[in-house]
Amino acid sequence: MFIDEIKIYARAGHGGKGCVAFHREAYITKGGPSGGNGGRGGSVILQADHDLNNLIAQYYQPRLIAKDGDAGMGKGMDGHAGKDLVIKVPCGTLVWKSVDPNLPTGKIEDEDEEEEQDADDKKIFKTSSGSRPLIRSSGGAIAQEFDLSKENAEGSSTNDPEKTELVADLTQHGQEFVLCKGGRGGLGNRNFATAARQTPRFAQPGEPGGEGNYLFELRIMAEVGLVGYPNAGKSTLLTAISKARPKVAPYPFTTLHPQIGIVEYEDWHRLTVCDVPGLIEGAHMNVGLGHEFLRHIQRCKILVLLLDMAGTDARNPWDDYKQLLKELELYDPALLEKPRLVVANKMDEAVAEKNLKDFKKKIKKVSVLPISAAFDEGVEKFKKTIREAVEDVSES
């Protein structure tokens, strides 16, 4: 099972409370306060790991809760700190601050202050969670106020209303990010002793740890992205250039999630190639696999537009080319600025030569690399071309 987007709840540990205690020892009548401090709560820490390729671990454990700190003890002994919870995620994971779109957040502003002060006519009760709305009660009626005029928060994604703020982008192996910081432990009563107040009988409670709802989104980090219509031969090409073995079948949408292949060269150089699910018309509006496909090519250095030059599914290759560029532009105009390579696949078919000539007449000033992935024709030249293109991008 491939999971590239998951909603989780994270909560750091609460700090332990301070202790109220007094020193008792033989022959010492007034030992003074000796209450220890509470231990800090554990933090929730995300760590990028290149050995992972999806978010399957968070699918089975969507609640990330760190340990609380221990309370302080007598004889000046501080409580143990809570253990940090380190969660490993694949490189390329984006962390979004998430909210429930069905419930508003924040305090509700009352337009009439006089009515708010009148407890007999209207009472305001706060719910148990600070992230939930206030519930207003008047007599036997209970209602909630929803402010629909507010726009999405700054930094939110237009494709997903639950993404309100980008918190972190983990791209490097070993990169860490503190998602929720543990609460500070409370001070014991020994910290409040003064000349005027030598026996304080109070201590601080521990501070609560940070918490919140988050959305983890994985965008695969690959150097080359294979883009094309369903049944264009992307999986076959990935099989020909690497040791990856994605499902290959003579019907569309055999690839339901991205596949990663490593292209190896004789001089031990390597390239990472991503085969993503097929793109259809309206993908920018999340038609078909839609956004599940498009977000995985945003990190690629170059894009390979793979065209079915034989027109197996009764489509013209030049129409496929125009539609692919249109979908990329509508989803993210920056994708068109990436270097791209146009590859004509299935050149072993009889009609492919004629379609290639017509393609060059209709789409001018676009170089096309003809190959036949099923029979390894032109594959070596393709591998050399994508390596040169990636090197040019890296040098620039």
Side-chain angles (χ1 to χ4, degrees), residues 1-18 36-72 78-100 105 129-131 153-157 160 162-187 204-222 258 260 272 295-296 298-299:
M1 181 166 48
F2 181 83
I3 303 295
D4 57 359
E5 192 175 55
I6 188 69
K7 289 188 289 185
I8 64 102
Y9 168 77
R11 197 207 76 185
H14 300 327
K17 63 181 180 179
N37 303 330
R40 65 166 180 83
S43 300
V44 179
I45 303 175
L46 302 180
Q47 185 182 76
D49 190 346
H50 57 44
D51 292 332
L52 303 178
N53 60 5
N54 65 63
L55 299 169
I56 187 68
Q58 283 66 50
Y59 177 80
Y60 289 106
Q61 189 179 4
R63 293 176 60 85
L64 310 179
I65 301 177
K67 295 291 185 181
D68 296 338
D70 292 340
D78 297 340
H80 291 286
K83 186 177 180 181
D84 293 336
L85 179 63
V86 180
I87 303 298
K88 293 187 176 182
V89 295
C91 294
T93 300
L94 285 83
V95 182
W96 299 86
K97 186 74 175 179
S98 178
V99 297
D100 188 348
T105 59
S129 174
S131 62
E154 184 178 356
S156 63
S157 173
D160 193 344
E162 295 186 7
K163 300 176 184 177
T164 60
E165 180 185 356
L166 180 60
V167 177
D169 187 2
L170 305 176
T171 57
Q172 303 294 329
H173 175 69
Q175 181 181 356
E176 292 186 351
F177 174 76
V178 180
L179 185 64
C180 296
K181 187 176 181 180
R184 185 177 65 87
L187 298 177
Q204 284 184 338
E207 294 181 355
E211 64 177 327
N213 295 306
Y214 298 91
L215 179 69
F216 289 3
E217 178 187 357
L218 173 61
R219 294 180 183 176
I220 291 178
M221 300 185 64
I260 299 294
T272 307
R295 67 164 171 262
H296 288 293
Q298 290 183 314
R299 297 186 187 272

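One is the number of the first residue; the rest follow in order along the sequence.
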Distance check, rounded to the nearest 0.5 Å: [X] atom [atom1] versus [Y] atom [atom2]?
X: L170; Y: M221; atom1: CG; atom2: CE; answer: 10.5 Å
X: I3; Y: N54; atom1: CD1; atom2: CG; answer: 7.0 Å
X: I220; Y: D4; atom1: CD1; atom2: CG; answer: 7.5 Å
X: L64; Y: I45; atom1: CG; atom2: CD1; answer: 12.0 Å
X: R299; Y: C91; atom1: CZ; atom2: SG; answer: 9.5 Å
X: T93; Y: E217; atom1: OG1; atom2: CD; answer: 9.5 Å

Min side-chain heavy-atom separation [X]-[Y] under 4.5 Å:
X: R40; Y: D84; answer: yes
X: L55; Y: P90; answer: yes
X: L52; Y: V89; answer: no
X: R219; Y: L94; answer: yes
X: R11; Y: L85; answer: no
X: F216; Y: L46; answer: yes
X: H173; Y: D49; answer: yes
X: K7; Y: N213; answer: no

Mark yes when over 12 heavy atoms from residues, nucleotides or ligands other than Y59 sit less than 6.0 Å from its OH; otherwise mark no.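 It does not: Y59 OH has 12 such atoms or fewer within range.
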
Out of the candidates K181, H14, R184, K17, only one should pair with E207 under the side chain to side chain donor-acceptor pair (under 3.5 Å) rule; please name it.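 Single pass found, and it is R184.
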
[X] side chain to [Y] main-chain N or O, any donor-acceptor pair under 3.5 Å?
X: Q175; Y: T171; value: yes
X: D70; Y: G39; value: no
X: Q204; Y: L187; value: yes

For the pair W96 and V167, evaluate side-chain contact (heavy atoms from CB on, under 4.5 Å) and give the outcome as yes or no after the intermediate values. CA-CA 5 Å; W96 299 86; V167 177; over 6 Å; no

Using every non-hydrogen atom in the two residues, find where [X] and [Y] come nearest and quote the distance to one decimal.
X: G212; Y: K97; value: CA-NZ, 3.8 Å
X: Q58; Y: K88; value: NE2-O, 3.9 Å
X: N53; Y: L218; value: O-CD2, 3.3 Å
X: A66; Y: V44; value: CB-CG2, 4.1 Å
X: C180; Y: G210; value: CB-O, 3.4 Å

